[in-house]
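Just below is one structure, and these are the notes that go with it.
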Amino acid sequence: MAKQIFAKHILLADGWAENVLLTIDDLGYITALEENSTMPNDYSGELISNSIIPGMVNNHSHAFQWAMAGLAEQSGKGSDSFWSWRKIMYDFVSKITPDDLEVIATALYMQMLKAGYTSVGEFHYLHHDANGEHFSNQAEMSQRIFEAAQNSRINLTLLPVFYRYSGFGEQAPNDGQKRFIHTQEEYAQLLDAISKLAGDYLQNFGIAPHSLRAVNRSDIEFAINHLDKLTEQSSIQVPVHIHIAEQLKEVDDCLAHYGKRPVTWLSENFELNSRWCLVHATHMNASEVKKVAKSKAVVSICTTTEANLGDGFFAMMDYKDHSGRWGIGSDSHISVSATEELRWLEYQNRLRTNSRTVFTDGDDSSNGYWLWRNAARGGAQSLANRSGELALNKKADFLVLNNNDMALVGKENDQLIDAFIFNQQFNKPLQSVWVSGNKVIEGAQHPYQESICENYRRVLKKLLN
């Protein structure tokens with residue numbers, strides 16, 4: 001049954017508006033939008049007096065890694081790097097059961113909602129049991145991710161990872177990777193099962209060739225072709241995500257094997273377009289930056305994880321100059337905060353340029369608005385998710401700001417988003433969070449928060465014992 005929401009102050013796709021009557025269908029899409037309306041005398045819908053902005057999209061998540069956040073902050077013998085962190089991650093992941101994964105992902109997605117994310121792209125590569133054997137239900141672990149999204153009420157695009165090798169040149173996988181590995185035929189079977197599950201759970205899916213070191217050209221081509229066969233009746237091109245050029249060692253290894261840099265090799269072997277999401281793309285040269293931007297692919301920038309792992313700086317200023325599309329992800333979840341990802345993306349570039357408000361200029365510009373709008377729209381594109389802005393035929397995914405919060409009081413229009421991102425106090429700037437037209441967070445609380453937290457504590461105590 002359709003529902004209505006009367007919004008006193010709302011950020012629509014083309015700017016701020018007042019007294020807007022939204023009509024939302026059973027699937028959560030906005031079917032009517034009347035600006036400068038008068039609330040009917042017999043109105044029985046929801047009245048929202050505080051300011052509304054679109055929900056944020058988290059387009060890169062490894063849910064299981066949230067449970068180990070903070071466990072890899074002690075230096076050991078030799079230099080500490082992404083590669084030493086990865087060893088700790090492999091040791092931790094060997095313990096996680098399907099039940100554990102569902103509990104961890106449910107708790108994480110609840111935290112995402114509380115932080116302003118209304119959609120998530122789950123780059124999911126924990127497929128098999130602790131011995132590397134397939135479960136009787138090959139999509140067991142994937143189904144647990146769908147269950148977690150349903151438990152928490154977040155919008156999900158599941159991106160099952162295709163992983164075959166430990167390094168360039170088809171090196172045999174190591175023991176820590178045994179839970180990730182598929183042959184081409186096995187991966188096709190997994191996609192078949194996930195395609196059905198996505199329909200059953202009313203969620204999205206795509207594919208995620210892990211990286212150029214983990215699959216070869218034939219594997220990527222096979223995965224895309226199989227995905228296209230499964231979705232040939234779809235009106236959209238479903239997404240393809242890949243880790244690319246995250247680490248300098250990866251760039252060096254790719255040059256040694258292919259004689260090309262990772263982004264260059266990928267763009268010469270596949271047609272990069274709007275269905276692609278290049279995760280990290282930290283180490284691109286100038287021609288690669290321009291090529292990716294012009295392709296209309298989305299780059300997933302995971303600022304806090306990239307900082308935590310020492311990956312490097314994404315070339316955001318150059319990418320913006322070419323009108324590149326981008327979104328944000330919390331990746332390893334060392335932070336689960338939409339505002340922190342955006343704030344530190346801005347601050348990185350302020351520090352590098354010895355300047356302020358580096359992405360906008362002019363009397364009427366707003367850095368917060370620019371960051372929020374572009375991240376939400378780019379994230380939505382990367383997940384084939386009709387969200388990211390509040391407009392006709394888009395999802396009613398939005399945040400209701402607490403205008404009386406100490407960080408936001410007295411602010412108007414774009415100033416609200418600027419303060420929401422940059423004025424970080426001990427506050428609760430979100431009054432509520434809505435997904436598909438349904439309120440899922442109110443007053444920083446989830447309806448199932450107590451049981452979700454209790455289950456998470458139980459699982460973490462077991463895993464860390």
Side-chain angles (χ1 to χ4, degrees), residues 60 62 64-65 68 72 76-94 96 123-134 138 141 159-191 207-226 240-270 278-284 288 305-306 309-312 331-332:
H60 191 65
H62 304 303
F64 71 87
Q65 290 182 12
M68 61 165 283
K77 294 180 179 179
S79 61
D80 191 16
S81 67
F82 167 86
W83 308 98
S84 55
W85 171 90
R86 191 178 73 159
K87 172 65 167 61
I88 296 172
M89 184 267 287
Y90 286 167
D91 291 343
F92 185 81
V93 78
S94 66
I96 296 174
F123 199 101
H124 170 62
Y125 56 93
L126 182 54
H127 298 301
H128 312 312
D129 70 17
N131 297 315
E133 299 295 326
H134 290 236
Q138 190 175 347
M141 298 296 257
L159 302 159
V161 169
F162 192 13
Y163 206 125
R164 293 193 71 185
Y165 309 113
S166 66
F168 290 95
E170 303 179 9
Q171 298 174 44
N174 62 48
D175 191 57
Q177 297 165 335
K178 62 189 175 185
R179 302 192 70 175
F180 315 153
I181 304 301
H182 283 107
T183 64
Q184 289 187 0
E185 181 180 339
E186 291 167 344
Y187 188 69
Q189 293 168 356
L190 177 66
L191 280 184
I207 59 171
H210 179 273
S211 58
L212 297 187
R213 66 178 185 272
V215 287
N216 60 26
R217 188 186 190 284
S218 171
D219 297 327
I220 300 173
E221 196 170 62
F222 174 86
I224 293 173
N225 288 340
H226 194 76
V240 179
H241 287 225
I242 187 169
H243 290 136
I244 196 88
E246 177 182 3
Q247 285 280 327
L248 288 170
K249 182 179 185 301
E250 176 191 347
V251 176
D252 292 341
D253 289 350
C254 190
L255 280 166
H257 180 68
Y258 285 123
K260 303 278 186 179
R261 298 171 59 85
V263 172
T264 297
W265 184 91
L266 185 70
S267 65
E268 290 180 355
N269 284 272
F270 294 92
L278 308 189
V279 182
H280 303 303
T282 318
H283 300 288
M284 293 193 289
E288 290 172 328
T305 291
E306 289 155 6
L309 297 178
D311 288 344
D331 195 350
S332 67

For the atom pair [atom1] ([X]) and [atom2] ([Y]), what is the distance rounded to the nearest 0.5 Å?
X	Y	atom1	atom2	answer
I96	D129	CD1	CG	13.5 Å
I207	H241	CD1	NE2	10.0 Å
Y165	I181	OH	CD1	9.5 Å
L255	E250	CG	CD	10.5 Å

Using a 4.5 Å cut-off on heavy atoms from C-beta on, say whether the side chain of [Y] contacts that of [X].
X	Y	value
V161	F180	no
T264	Y258	no
I224	F270	yes
Q138	H182	yes
L278	I242	yes
H257	L212	no
Q184	F162	yes
H124	L159	no

Backbone N or O of [Y] within a donor-acceptor pair of the [X] side chain at under 3.5 Å?
X	Y	value
S94	A130	no
E306	G312	no
N174	G176	yes

If I compare all heavy atoms of [X] with all of [Y], which pair ends up nearest, and what's the gap?
X	Y	result
H62	D331	CD2-OD1, 2.9 Å
L309	Q247	O-NE2, 3.9 Å
S332	Q65	CB-OE1, 3.2 Å
E246	D311	OE2-OD2, 2.7 Å
Y187	P160	OH-O, 2.7 Å
Q177	S166	OE1-CB, 3.3 Å

- Task: Verify whether the ring centers belonging to H60 and H243 lie closer than 6.0 Å.
- Result: yes
- Query: Taking the six-membered ring for Trp, is the centroid-to-centroid distance between H283 and H280 below 6.0 Å?
  - Reply: no
- Partners passing side chain to side chain donor-acceptor pair (under 3.5 Å) against N225 (at least two apart in sequence or in another chain): none
- Quick one: side chain to side chain donor-acceptor pair (under 3.5 Å) partners of H128, sequence neighbours excluded? none
- Query: Which residue pairs satisfy the salt bridge (Lys or Arg N to Asp or Glu O under 4.0 Å) criterion with at least one member in residues 256-266, sequence neighbours excluded?
  - Reply: K260-E268, R261-E288
- Task: Using the salt bridge (Lys or Arg N to Asp or Glu O under 4.0 Å) rule, collect all pairs that involve residues 161-172, keeping only residues at least two apart or in two chains.
- Result: R164-D219
- Task: Check the angle between the aromatic planes of Y163 and Y125 and answer parallel, tilted or perpendicular using the 30° and 60° thresholds.
- Result: tilted
- Query: Residues two or more places apart in sequence or in another chain: which of them pass side-chain contact (heavy atoms from CB on, under 4.5 Å) with D252?
  - Reply: none
- Note on the structure: Result for side chain to side chain contact (heavy atoms under 4.5 Å, CB included) between I244 and one of L266, V279, T282 points to L266
- Item | Pairing residues for E221 by the salt bridge (Lys or Arg N to Asp or Glu O under 4.0 Å) criterion, not counting sequence neighbours | R217
